Amino acid sequence: MSLELSKQYNPREVEDSIYNFWLTKNYFHAEADASKKPYTIVIPPPNVTGILHMGHALNNTIQDILIRAKRMQGFNCLWVPGTDHAGIATQNVVEKKIKKEKNLTRQDLGREKFLEEVWNWRNEYGSTIISQLKKLGSSCDWQRLSFTMDEGYSKSVQEVFITLFNAGLIYRGNYIINWCPRCQTALSDEEAPHKDLDGFLYYIKYPIKDTKNYITVATTRPETMLGDKAIAINPKDKRFKHLIGKTVILPLIEKEIPIIADELVDMEFGTGFVKVTPAHDPNDFIMGKRHNLEPLKIMTPDGKISENSGDYNGMDRFEAREAIIEDLKERKLLEKIEPHKHAVGHCYRCHTIIEPYLSLQWFVKMKPLSEEAVRVVKSGKIKFHPARWKKIYLNWFNNLQDWCISRQIWWGHRIPVYYCKKCQETGILNEKIKNQNSKIEQRGVIVSKTKSDKCPNCGSSDIYQDEDVLDTWFSSWLWPFATLNWPKEQSEKELKYFYPTNTLVTAQEIIFFWVARMIMAGIYFMKDIPFRDVYIHGTVRDDTGKKMSKSLGNIIDPLEIINNFGADALRFSIISLTSAGQDVYLSNEKFQAGRNFANKIWNASRFVLINLEPEKINVDLCIYSKDNLKELKDRWILSRFYQTLAQVSKSIDQFKINEAIKQIYEFFWHEFCDWYIELSKQDIKNPTTQVILYKVLEKTLRILHPFMPFITEQIWQSLSGEKSESIMIASWPHLQKQFISKEIDSQMQVIIDLIASVRNLRAEIKIDPSKTIDLIIYSKNKDIIKLLKENSGYIQKLGQVLNITFQEKEARPKNAVSAVSGKISFHIPLEGIIDIGKELLRVNKEIENIENFLKNSSTKLNNKDFLKNAPLEVIEKEKQKRIDLKEKLEKLKTYSKFLS
RNA sequence: GGACGGUUGGCUCAAUGGUAGAGCGCUUCGUUCACAUCGAAGAAGUUGCAGGUUCGAUUCCUGCACCGUCCACCA
């Protein structure tokens, strides 16, 4: 690799080969090594069906920055990559594919053949996202690439299921779960997010038996009345107490159902009467249990009304709703319809409205697992960044229901449970299992890692495996240790070394799905937290604030950005825009900032490399002290660099990634390029200048590397000094505090301000930029005069000044324009005649400005309360400010008088 | 119903109990050999509204409005 002298940086030409260079050198791989401290991150595994979107780009850029920075800081860094099998999502994708290509459903193919199709799919397309992560520059240890359906990983999942089962923390039972009629599977509560919908509240009359009276029930889902088993009121409801125990006629079905009393009923809502449908509502299910009401399922798994429902048989659930309303209207049993907003669960995969559905499922008891998970966060053992997510995390544990883990799909970890038909029929209980897990139905249940062909209880070979697979998150929650090969014995050393991991970087959307559950699993199985810091970044949105999603068509494709502007530009822009967990608003133009910065880095480096004489630069900075580093610009740039280094290191440790990159940007562009490089042009052959130019560039590249790995490596390879073979294994610059000097900073600032004032004046009076001027300077402060005299070259160079004269006494030259910068007044003599009118206008405007400031300042200093209460420091500062302003004002007034 | 986040120049966002900053955009000028994906200069903000605390509030407190998000057994 060598630095071509092209004027523009062309990322497309170099990025792939740089990445391959890193891979060849095996820099990303980490092994347990007791002599070094570990720093570990596990990637939030993208879905195997995924293609890289901006959310991934943000997420993985942050991780890569942390990993690369820590690696340079001497940690033994491991970033574990992998993908998630994403049960429902992947199954949907493959189902669509075979439908399109072969016009077959998965049922047509059968379980085995279908799974073969899924594996084929994943072998062909499953690594797409991985290669895209590489494009981004991710320095993951690819030798440890994991997949949640890997053989070893499956073993972990089974181990966990069986352990929890034996501990009585997994049970099977008939409960109301969230059912997606399209995917035809159960979902956990987290997988069925509620969205507000504009619906209606239907008021339906239920005639009271043997009377002409009726009661009115308000419901949002009239179709479920087919399964009504009772009407409930609150026992405290005095209005209707007399009706408890009476019987009403269920309209349309003409069945008799009782009126019962239950505390779950909210007297305030609707009419105070609630229809009780135990098979289709979680509350009704609870009431049903309490009152021994046999649940009646009126829907099939695909969301149609099931048999024995008369006219409504086979109707879609929403069709049935309309039909029932029409029929009720006809029979004059519909009192009214009111608009009603309510939250309805939706399938997080296909957005179909979920159905609360009674079915036989497997559950994990959450209470016992959550206690420690709450404690470790409350106590601060695990920290959230920003801290506000702690509250949100903890809040989730209130009202936490048991976790439904069985899914009626095929792609996933098959539940390691077998049933013995004979035992089920004969009713002989497996005593061993009964003792371990006494609360559940376990007739004929065999829990086993391997497929057994004989029932251990009765010896029968008529056994079959549970048809269901486990929730994807039931494998994801093991990620931090399953990827380190738990529970294999040979993995012990690695686990001990890399676990707990250090930082988890993720988005807010999966705090409950994933973060909370990893904490539970880690504590339960590893007896230790899975990570210490959780960094939550924002959601990527488009510039109108909408979440970026394929369905909205507002996607900005990261790969296209990489292709057009380079991975470094993408990384720079997205990181710069991400402040402390706030959402990121993106648009195409924003990536130009990154491209421009990369180009600036490129060209600054080009300047340095073109001018460097290699034999001059192999000098350690340590040889410099105040005595042998006399040039202000040299001392200043070192002071500024080391301050930047300190800030950047701190910002990274505090997860303020955007601040870190801004600090580097500011330093590199506006201090190093704008001032140091410009000034260095004057004495570019000077050995000291050469060393400082080289060292500052080289060190800045190092701190920039985690953020913009490709361009920094490309330039690094062209540096001629002594260096490591790659910048990514170079060490983080050591903070040399002796170079930091506030005094030097402020001295340089005086000069910068003066040059800015001179330039400003030149522009205001429209002096030709190519024309040099003379400068006459006065200041009564001797230190300043000395400073300016010593560094007059800077002013000459950057202010386009030929001669500088210093006045002993302030005297106004003829035919000159004048201005004031801090404690310095200066004059530019002009050959032609000054436009006095314009000049007067300019000066008077400045005077007005200062008078305003002065007025402000005087009001403060004349305020007794201010003098009494404000800190001494502030008062002193204010006083000094007034003195300076007065001095400046006086000078300008004299000048103004002189002009008029 | 509860909770959280946001509201600052045309746009996107910083910052701070003591004269509000950057990038983009805009105006003017400039291709002298690192960079026009650049340089120099400039215009532009009563920091959502109303109270309160304070010598002093954009910053702290209270209420409100609007935008966004999450949670809840809203029949």
Side-chain angles (χ1 to χ4, degrees), chain A residues 5 7-9 176 193-194 196 201 217-221 224 232 264-266 269-271 273-277 281-286 340-344 356 386 388-389 391-392 395-396 398-399 401 508-509 511-512 538-539 541 543 545-547 565 569 576-577 579 581-587 589-590 592-611 658-659 662 665-666 670 673-674 677-678 681 756 759-764 766 768-770 798 800 852-853 856-857 859-860 863-871 873-875 877-878 881 885:
Chain A
L5 292 179
K7 281 191 173 185
Q8 284 172 7
Y9 172 57
I176 298 271
H194 286 65
D196 269 343
L201 202 49
V217 170
T219 178
T220 54
R221 298 197 304 149
T224 63
L264 269 178
V265 179
D266 178 1
F269 190 90
T271 58
F273 292 102
V274 179
K275 57 195 272 315
V276 182
T277 321
D281 183 277
N283 276 339
D284 294 6
F285 179 75
I286 295 165
H340 180 68
K341 204 171 237 175
H342 60 143
V344 179
R388 66 188 149 90
W389 297 108
K391 249 194 213 169
I392 290 170
N395 184 44
W396 181 68
N398 304 329
N399 281 319
Q401 305 294 309
Q508 62 202 58
E509 287 95 340
I511 292 178
F512 309 136
T539 305
R541 302 176 181 281
D543 51 355
K546 288 194 198 75
K547 202 166 156 173
F565 299 125
S576 305
L577 293 166
S579 67
Q582 265 349 326
D583 289 349
V584 191
Y585 295 80
L586 285 180
S587 61
E589 314 82 66
K590 289 187 175 163
Q592 285 170 12
R595 179 203 54 183
N596 294 355
F597 185 44
N599 199 52
K600 188 73 181 178
I601 296 164
W602 182 254
N603 276 293
S605 306
R606 214 158 64 90
F607 169 82
V608 174
L609 291 175
I610 289 167
N611 288 292
N658 70 316
E659 282 183 24
K662 273 176 192 158
Y665 173 89
E666 186 62 28
H670 297 303
C673 291
D674 288 355
I677 285 188
E678 289 309 319
K681 287 174 180 174
R759 285 167 167 176
N760 172 289
L761 185 55
R762 290 183 58 124
E764 291 237 19
K766 297 199 165 46
D768 186 335
S770 60
L798 298 183
Q800 280 282 90
N852 276 337
F853 280 134
N856 215 321
S857 182
T859 316
K860 256 189 197 173
N863 185 338
K864 277 180 199 160
D865 290 324
F866 174 73
L867 295 174
K868 201 171 76 189
N869 293 313
E873 231 180 79
V874 174
I875 297 172
K877 221 171 119 189
E878 198 62 41
K881 197 169 88 187
L885 284 169

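What you are looking at is a predicted structure, and each value in this text was computed from that prediction instead of being measured. Atoms considered below: every heavy atom in the structure, side chains included; atoms not considered: hydrogens, waters and symmetry mates. Proteins get letters first, then strands, A, B, ... in listed order; numbering begins at 1 in each.
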So what does [X] touch, heavy atoms closer than 4.0 Å: a base, only the sugar-phosphate, or nothing?
X      : answer
A:V217 : nothing
A:P193 : nothing
A:N856 : nothing
A:R595 : base
A:L264 : base
A:P282 : nothing
A:D266 : base
A:E678 : base

What integer distance in Å separates [X]:[atom1] from [N]:[atom2]?
X      : N      : atom1 : atom2 : answer
A:K590 : B:rG25 : NZ    : C1'   : 13 Å
A:E659 : B:rG23 : CD    : P     : 17 Å
A:D865 : B:rA57 : CG    : P     : 13 Å
A:Q508 : B:rA3  : CD    : P     : 19 Å
A:F866 : B:rG18 : CZ    : P     : 11 Å
A:N395 : B:rC4  : CG    : P     : 10 Å
A:N398 : B:rG1  : CG    : C1'   : 15 Å
A:D674 : B:rC35 : CG    : P     : 15 Å

Closest to the [X] side chain: [options]?
X      : options                : value
A:K681 : B:rU37, B:rA34, B:rG23 : B:rA34
A:H342 : B:rC35, B:rG18, B:rC74 : B:rC74
A:K881 : B:rU19, B:rA34, B:rU37 : B:rU19
A:F607 : B:rA34, B:rG18, B:rC74 : B:rA34
A:K860 : B:rC29, B:rG18, B:rC4  : B:rG18
A:N603 : B:rC35, B:rC38, B:rC55 : B:rC35
A:I392 : B:rC55, B:rC4, B:rA40  : B:rC4
A:A756 : B:rA41, B:rG5, B:rG18  : B:rA41
A:L577 : B:rC71, B:rU12, B:rA34 : B:rU12
A:A763 : B:rU32, B:rA41, B:rC38 : B:rA41

Between A:H670 and A:C673, who's closer to the 5' end of RNA chain B by nearest nucleotide?
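Nearer the 5' end of the strand: A:H670.
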
Position toward the 5' end of RNA chain B (nearest nucleotide), A:F512 or A:V874
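So the residue in question is A:V874.
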
Suppose you measure atom [atom1] in [N] against the same atom in [M]; what distance do you get, rounded to whole Å?
N      : M      : atom1 : value
B:rU54 : B:rC61 : C1'   : 12 Å
B:rG30 : B:rU69 : P     : 49 Å
B:rG21 : B:rU47 : C1'   : 12 Å
B:rG25 : B:rG10 : C1'   : 7 Å
B:rC13 : B:rG68 : P     : 14 Å
B:rU8  : B:rA15 : C1'   : 10 Å
B:rC11 : B:rG56 : C1'   : 33 Å
B:rC67 : B:rC49 : C1'   : 15 Å

With a cut-off of less than 4.0 Å, is there a side-chain N or O of [X] near OP1 or OP2 of [N]?
X      : N      : result
A:K877 : B:rU19 : no
A:K600 : B:rC38 : no
A:N599 : B:rU37 : no
A:K391 : B:rC70 : no
A:K868 : B:rC55 : no
A:N760 : B:rA40 : no

Any donor-acceptor N/O pair under 3.5 Å between B:rA41 base and A:K766 side chain:
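Answer is no: no donor-acceptor pair is held.
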
Please examine the side chains of [Y] and [X], heavy atoms only from C-beta on, and report whether any two atoms are closer than 4.5 Å.
X      : Y      : value
A:W396 : A:I511 : no
A:H194 : A:H342 : no
A:F866 : A:V874 : yes

Looking only at heavy atoms, what is the nearest atom pair of A:Q508 and A:G538, with distance?
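For A:Q508 and A:G538, the tightest heavy-atom pair comes out as OE1-CA, 4.3 Å.
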
With a 3.5 angstrom cut-off on both distances, give the Watson-Crick or G-U wobble partner of [N], or none if there isn't one.
N      : result
B:rG45 : none
B:rA22 : B:rU12
B:rA3  : B:rU69
B:rC60 : B:rG52
B:rU32 : none

Taking the side chain from A:R221 and the backbone from A:D281, do they hold a donor-acceptor pair closer than 3.5 Å?
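Absent.
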
Quick one, A:K881 with A:F853, criterion side chain to side chain contact (heavy atoms under 4.5 Å, CB included). Give me CA distance, side-chain angles, the key distance, then yes/no.
CA-CA 9 Å; A:K881 197 169 88 187; A:F853 280 134; over 6 Å; no

Does the pair A:N596 and A:K600 meet the rule for a side chain to side chain contact (heavy atoms under 4.5 Å, CB included), with working shown?
CA-CA 6 Å; A:N596 294 355; A:K600 188 73 181 178; over 6 Å; no

Should the pair A:Y9 and A:W602 be assigned to parallel (<30°), tilted (30 to 60°) or perpendicular (>60°) ring geometry?
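Plane angle between 30° and 60°, so tilted.
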
Step-by-step side chain to side chain donor-acceptor pair (under 3.5 Å) determination, A:T224 to A:K275
CA-CA 9 Å; A:T224 63; A:K275 57 195 272 315; 2.6 Å; yes

Residues A:E659 and A:K662 bridged, charged N to O under 4.0 Å
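The answer is no: the pair does not qualify as a salt bridge.
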
